[in-house]
Amino acid sequence: MTHSLALRTAEAVADLLADPATAPIGPDDASLHRQHLAYGPTGIALLHIERAAAGLGPWKRAHDWFAAAARQPFTSGPDSHPFYGAPALAHAVACAADHLPGAYERARDSLNQRMSADVRRRLEAAHRRIDAGRLPELAEFDAIRGLVGYGVYFLRRDTTGADVRAILSYCVRLTEPVTYDGGAWPGWWTPSGPSGRPDERFPGGHANNGMAHGIGGVLALLALAARRGVTVDCQREAAYTILAWLDRWGEKTGRGEAWPYWVTRDELHSGRPDPSPPRRPSWCYGTAGLARARQLAALAFGDIERQLDAENALVSALTDREQLKVTTDNGLCHGFAGLAHIAARTAEDAHASTAGQLRAVIPPLLAAVCPPDTVPEEVAEAVVRDKEAGPGFLNGAAGMALALLAPASVAPPRSAWDTCLVIA
């Protein structure tokens, strides 16, 4: 029953967002966020691409959202990034091209060329920064704005190309210590706060652990590449440097571990994290995304003990009332639907001893989004019209609906929509 409600809710969201001309979205969503994968029409197109690829809906809906997005040119070059401008369009177009040979291949290839040039420019700047002994900005390497996002795109699209290996080699360098301000710092230590801007709450900067903006995404990319047989010198050593860092900062809770969102300068110097209340175990930050990254690394390098630790950590987080209590929305990025999707993806690769436990946590997560006594159409209407979350991919209705499909249908995604999250 729970699975059926989730699928009907996803269908109802898709129906409400069927046509950009009639979808109940505000002008800000249609224009201000036109180029943004997280909030705009390209992210909504991903929902229709996945449903069409699975035989659940017509391709025309995806075409219409592409048309709505592409009425004006997309930004490329220094002002773009994996979730904004031409690279954001490229991700959605590539997902469609996989299933419609000939329809979008020319557009995809043109976008790939522009992205490849941008990757080369970004890598040159990053290596100059490393050579000069300076600390990186989050946007240099993270999954949303940086080289990890480009890396996971090209890993999926062109494993034999030079771009992937060049980005992996950069990731290896990123894990090397930096001598700065009289001491040795992790190579990914940033001088800003988590927003990427100077923040008085983070004097001396921080080390970001997250999947969206931190070293968790780097670990996941190194692991995904290794699993596909794409390797560079010292890739395993770099991955284990990150794993050792996470080992150092993990905190025991219940049957598994939880990880802080970041490490501050004072915490680094004291060697222990400051006490904090339970935090939500989301994709972007926290235990859910990091558990998946650690599982991927363990699978890539044949580390059964670490694999079990990662899977048990996710089971623990998704059955811990205190952690779930601070999960307050249903979206993809940091809500219950996103947790269900990560649990389903992790269960696909899980050890026999933990796979059943991971699948068992999915129905309660789906029920949090679609309680048994609700009407799917009413749930869909409420989330699509939620002005704070919006209709989009990362926080809004389209992403929630996408994240419900795999766990509710007990089948992996047909398109590669979730590769931009660095979890597959």
Side-chain angles (χ1 to χ4, degrees), residues 143 148 151-152 155 168 171-172 174-176 186-188 207-212 214-263 271-273 279 281-283 285-320 323 339 341-361 421-424:
V148 165
V152 77
L155 178 64
L168 292 173
C171 289
V172 170
L174 187 70
T175 65
E176 297 170 357
W188 59 92
N208 197 296
N209 292 336
M211 288 286 282
I215 200 63
V218 178
L219 175 63
L221 175 60
L222 292 169
L224 287 167
R227 291 193 77 194
R228 289 176 170 83
V230 183
T231 59
V232 296
D233 290 344
C234 299
Q235 185 167 330
R236 179 190 178 102
E237 290 82 355
Y240 271 85
T241 294
I242 302 171
L243 288 167
W245 169 267
L246 295 173
D247 288 345
R248 175 181 175 184
W249 295 103
E251 300 174 275
K252 295 295 181 183
T253 170
R255 289 178 297 163
E257 286 184 287
W259 290 276
Y261 290 0
W262 45 68
V263 176
R272 59 183 182 276
R279 293 174 169 173
S282 56
W283 164 73
Y285 281 107
T287 302
L290 285 175
R292 175 59 169 167
R294 288 168 67 85
Q295 182 206 37
L296 289 170
L299 290 165
F301 302 118
D303 193 331
I304 295 295
E305 183 177 352
R306 282 188 184 275
Q307 179 185 345
L308 292 172
D309 286 346
E311 292 162 6
N312 283 322
L314 185 57
V315 171
S316 177
L318 299 186
T319 55
D320 184 339
Q323 293 186 62
L339 295 179
H341 185 74
I342 290 174
R345 275 303 207 180
T346 306
E348 291 169 23
D349 297 316
H351 191 273
S353 63
T354 51
Q357 297 175 67
L358 284 162
R359 294 190 184 98
V361 307
L421 305 177
V422 211
I423 62 172

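Basis for what follows: all heavy atoms, side chains included, without hydrogens, waters or symmetry-related copies. When a residue number appears, it is its place in the shown sequence, counting from 1.
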### Task
For A355, enumerate each residue passing the side chain to side chain contact (heavy atoms under 4.5 Å, CB included) test, keeping only those at least two apart in sequence or located in another chain.
A350, R359

#### Entry: Given W262, W188, Y285, the one that forms side-chain hydrogen bond (donor to acceptor under 3.5 Å, both in side chains) with N208
Y285

### Task
Spell out, as yes or no, whether a donor-acceptor pair under 3.5 Å connects the side chain of T241 to the backbone of E237.
yes

### Task
Measure from NZ or CZ of R279 to the centre of the six-membered ring of Y261, then state whether that distance is under 6.0 Å and the direction lies within 45° of the axis.
yes

### Distance, nearest 0.5 Å, that separates CD1 of I304 from CG of D309
11.5 Å

### Task
Check A343 against L318 and note the closest heavy-atom contact, atom names and distance.
CB-CD1, 3.9 Å

### Message
Under a 3.5 Å distance rule, please check whether N312 uses its side chain to pair with a backbone N or O of L308 as donor and acceptor.
### Response
yes

### Query
salt bridge (charged side-chain N to carboxylate O under 4.0 Å, His left out) with E348: which residues, sequence neighbours excluded?
R345

### Message
For a quick test of reading the model, state the closest non-hydrogen atom pair linking L290 to G216 and the distance between them.
### Response
CD2-CA, 3.7 Å

### Query
Mind checking what makes ring pair (Phe, Tyr, Trp, His ring centres under 6.0 Å) contact with W249, not counting sequence neighbours?
W245

#### Entry: Residue pairs, two or more places apart or on separate chains, that pass side-chain hydrogen bond (donor to acceptor under 3.5 Å, both in side chains) and touch residues 289-307
Y240-D303, D247-R294, D247-R306, R292-Q295, R292-D349, Q295-E311, D303-R306, Q307-E311

### Task
Identify the heavy atoms of T175 and A238 that sit nearest to each other, and give their distance.
OG1-CB, 3.5 Å

### Message
Within this structure, what is the CD-OG1 distance for the pair Q323 and T253, rounded to the nearest 0.5 Å?
### Response
5.5 Å

Show which side-chain atoms of residues 219-227 pair as donor or acceptor with protein atoms under 3.5 Å away, not counting sequence neighbours.
none

### Task
Could you tell me the separation between the CD atom of E257 and the CG atom of L246, rounded to the nearest 0.5 Å?
9.0 Å

#### Entry: Nearest heavy atoms of V148 and G217, plus distance in Å
CG1-O, 3.6 Å

### Task
Would you give the length of the straight line joining atom CG of L314 to atom CG of L339, rounded to the nearest 0.5 angstrom?
8.0 Å

### Query
Should we count CZ of R272 as having more than 12 external heavy atoms under 6.0 Å?
no

#### Entry: Minimum heavy-atom distance between A288 and I342, given as atom pair plus value
O-CG2, 3.8 Å

#### Entry: CZ-CD distance between F301 and Q235, expressed to the nearest 0.5 angstrom
5.5 Å

### Message
A side-chain contact here means heavy atoms from C-beta on lying under 4.5 Å apart; do D233 and V172 qualify?
### Response
no

### Message
Can you tell me how far apart CE (M211) and CG (L421) are? Round to the nearest 0.5 Å.
### Response
8.0 Å

#### Entry: Those residues that, when tested against E251, pass side chain to side chain contact (heavy atoms under 4.5 Å, CB included) (two or more places apart)
P260, P273

### Message
How close do V315 and T319 get, counting heavy atoms only, and between which atoms?
### Response
O-OG1, 2.7 Å

